[in-house]
Amino acid sequence: MQGRIEPVHAADVESAAELADECGNMAVRDLLHVAVMRRMGSKAIVSADCDFERVTGITRLDPVDLDAWRERIE
């Protein structure tokens, strides 16, 4: 991930607040992740947090299934 850390902009915070209605009681940190992902055009996240599966347009890649999804994206 070196060189791939993105800042959180004020617009991301506003977008995360709007996402709260769409995503139910998802953690604020997760909403910020989704807002930054959408800004960056990212479609997948590696996470054990199943809440990301509730977000339209985001694919959660479970770290437990590393070998299976690695083959799928290579």
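Values reported hereafter were calculated over all heavy atoms of this structure, with side chains retained and with hydrogens, waters and symmetry mates removed.
Separation of atoms SG (C50) and CG (D62) is listed at 6.5 Å; rounding is to 0.5 Å. Note: S15 OG to H9 NE2 = 12.0 Å, rounded to the nearest 0.5 Å.
Considering only residues two or more places apart in sequence or on other chains, A44 meets the side-chain contact (heavy atoms from CB on, under 4.5 Å) condition with T59, L61. For P63, the side-chain contact (heavy atoms from CB on, under 4.5 Å) criterion is met by V46, A48, not counting sequence neighbours.
Cluster partners of F52, using a side-chain heavy-atom cutoff of under 4.5 Å among ILVMFWY residues and allowing indirect links, are L19, M26, L31, V34, M37, I45, V55, I58.
For residues 8-23, every residue pair satisfying the salt bridge (charged side-chain N to carboxylate O under 4.0 Å, His left out) rule, not counting sequence neighbours, is listed here: D12-R39, E22-R38. Residues in residues 46-55 take part in these salt bridge (charged side-chain N to carboxylate O under 4.0 Å, His left out) pairs, two or more places apart or across chains: D51-R54, E53-R60.
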